[in-house]
Structures are given as C-alpha cells and as structure tokens.
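Input: a single structure, listed below in structure tokens.
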Amino acid sequence: MTLDLFDSVGGTEPREEDLGPGARVLRGFALPHDAALLSALQGITDASPFRHMETPGGFRMSVAMTSCGAWGWVTDRTGYRYAEVDPVPERPWPTMPMAFLQLAQSAAARAGFADFVPDSCLVNRYDTGAKMSLHQDKDERDFSAPIVSVSLGLPAVFLFGGEGRADKPLRVRLIHGDVVVWGGPARLRYHGVMPLKPGHHPQLGAHRINLTFRKAR
DNA sequence: AAGTTGCA
DNA sequence: GAAC
C-alpha cells in the first residue's frame, strides 16, 4: 500500500515538493522534445561511451556513466576526481548540449538558485538492478552552486538523506521528467538510488537515465 | 564505500 | 538495514 503525503484535498496534484531547506522536487518539468533529447544523448555517447567505472576499493559500479561539459566525473582505483579529458577516448568530453544547459538553468532558477552555470553534466545509465549507494557530491571545488538532477526513462526510488551518513533517508519515487534540485544548506546531503526495477519506457527502453548538473570548478 | 556482506 |  502506498500513501501520497502530498495528495491534496482539492484533488490537484502539487507539481513541486519540498525536501527541506534548499531542496525540492520539480515534477513533470519541461524537457526538450523527444527527438532533441535522444539526439543529444546519442551525440554524447557516440563520442564518450557509457562505461562502468571502478571505485577506489576496486568495485565495479553497476551504473554506466559518461559526462558532457568542460569537466567529467571519473573514478578508478586511485580515487574520485573531475577530469577535462575523457580517459576512454582520451579526448575532451562532449560539449554540453544547449538544451541541457537551458533545462538545468531553468530548473535551478525555479528552485531558487539563480545564475546556475554548470560546467559538468554526469550522465548515468541505470539498467535493471543498477543502484547508487548513499553518498555526498563533494568533489566539486566549491559548494555554492546547487546540484540539478534530471530523471529520464524508467522510474526509480531516490534516497535523500541528511548531512550525516546515519540520517534516515527520505524515499522519493522519480519518473521521467522529474527534476531534483538541492543546494545551499542541502548541498552536502547524502543521496542515492535503490536498485532499478525491470520495465520498459517508450523513449528509453529498459533504462533510467539521470542527468546530474553541477559546477565542478 | 558512488562498494559488498564472514550479515540479520 | 546495519556494519564494515
């Protein structure tokens, strides 16, 4: 059984949900049209393909990742970092598509973060069973800019914790077109994703794609 | 450890 | 979900 805590008496579904100070979900945010979205994703992955990276502990991440923008997030046995050159093709990351930049900026503005200028967009592909353990985004140089996370394709349960790893996370179901923005007092909150359930999405098939915009430098 | 499990 |  499920209970929607935000269901209103008037029957109008709220389009935004607060997750605490500096954090909110924007439901059904305006996305680029399907052809533009898929074409932008294809352009990125043609140049910098999805790959399963390794953590410093030597474990293979279940999520397949790539990036666009000036900086891309990478991990290997030596640690986490932002890199200007994609180590797979040994070329700079693909340019951030204008439609992605505009999406990120408008979502940030809607959530109260004006003048967001991301220089990095991590593109995460979740296949059945893929997950992301609770973690903080703390490899960026400063934390004044928010994180903007766009959900595409299959639904997933997003875990949104507190500033400490032990804080019990909220569980937020995210579907295609939902955007989560967190910054300011929420910037270092732990977050993660539960294992993806199997399914099919009209545009993205058996996958969930997550675009995570940040200012790395 | 953005991980897995000699767990519970 | 806790522990590591």
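Below, chain A is the first sequence line, B the second, and so on; all start at residue 1.
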Dump the intermediate steps for side-chain hydrogen bond (donor to acceptor under 3.5 Å, both in side chains) on A:Asp178 and A:Ser151, then the final yes or no. CA-CA 5 Å; A:Asp178 289 345; A:Ser151 292; over 6 Å; no
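Atom CG in A:Asp139 sits roughly 9 Å away from atom P in B:dA2 (whole-Å rounding). Between A:Lys131 atom NZ and C:dG1 atom P the separation is 14 Å, expressed in whole Å. Spacing between atom CE of A:Met53 and atom C1' of B:dA2 amounts to 9 Å, rounded to whole angstrom units. In this structure, A:Phe160 places its CZ atom 16 Å from C1' of B:dA2, rounding to the nearest Å. Atom-to-atom, CE of A:Met132 to P of B:dG3 comes out at 6 Å; the value is rounded to the nearest Å. Remark: C1' of B:dA2 and CZ of A:Arg51 are 15 Å apart, rounded to the nearest angstrom. Across the protein-nucleic acid pair, A:His135 atom NE2 and B:dG3 atom P stand 8 Å apart, rounded to whole Å. Nucleotide C:dA2 holds its P atom 11 Å from the CG atom of A:Leu134, rounded to whole Å.
Residue A:Asn124 is out of contact with every strand shown, counting any heavy-atom pair closer than 4.0 Å. Among the heavy atoms of the strands lying under 4.0 Å from A:Thr55 are primed sugar atoms or P, OP1, OP2 only; no base atom is included. No contact: A:Asn210 has no heavy atom under 4.0 Å from any strand.
Closest to the side chain of A:Phe59, from the set B:dG3, C:dG1, B:dA2, is B:dG3. The listed nucleotides are B:dA2, C:dG1, B:dG3; the one nearest the side chain of A:Leu122 is B:dA2.
A:Gln105 contributes a side-chain N or O that, together with a main-chain N or O of A:Phe116, makes up a donor-acceptor pair within less than 3.5 Å.
Between A:Arg171 and C:dG1, a side-chain N or O to OP1/OP2 separation shorter than 4.0 Å is present. For C:dG1, the OP1/OP2 oxygens have no side-chain nitrogen or oxygen of A:Lys168 closer than 4.0 Å. At the phosphate of B:dG3, neither OP1 nor OP2 sits under 4.0 Å from any side-chain N or O atom of A:Arg77.
Taking both residues in full, the closest heavy atoms of A:Arg173 and A:Arg27 are given as O-NH1, 2.6 Å, listed atom of the first, atom of the second, then distance.
Using modelled atom types and a 3.5 Å distance limit, the side chains of A:Ser67 and A:Asp86 yield no donor-acceptor pair.
Taking atom C1' on both B:dG6 and B:dA2, the two are 25 Å apart, rounded to the nearest angstrom. To the nearest whole angstrom, the two P atoms, one in B:dC7 and one in B:dG3, are 22 Å apart.
Under the 30°/60° scheme for interplanar angles, the aromatic rings of A:Phe160 and A:His191 are found to be tilted.
Here B:dT5 sits opposite C:dA2 as a Watson-Crick or G-U wobble pair (both hydrogen-bonding atom distances under 3.5 Å).
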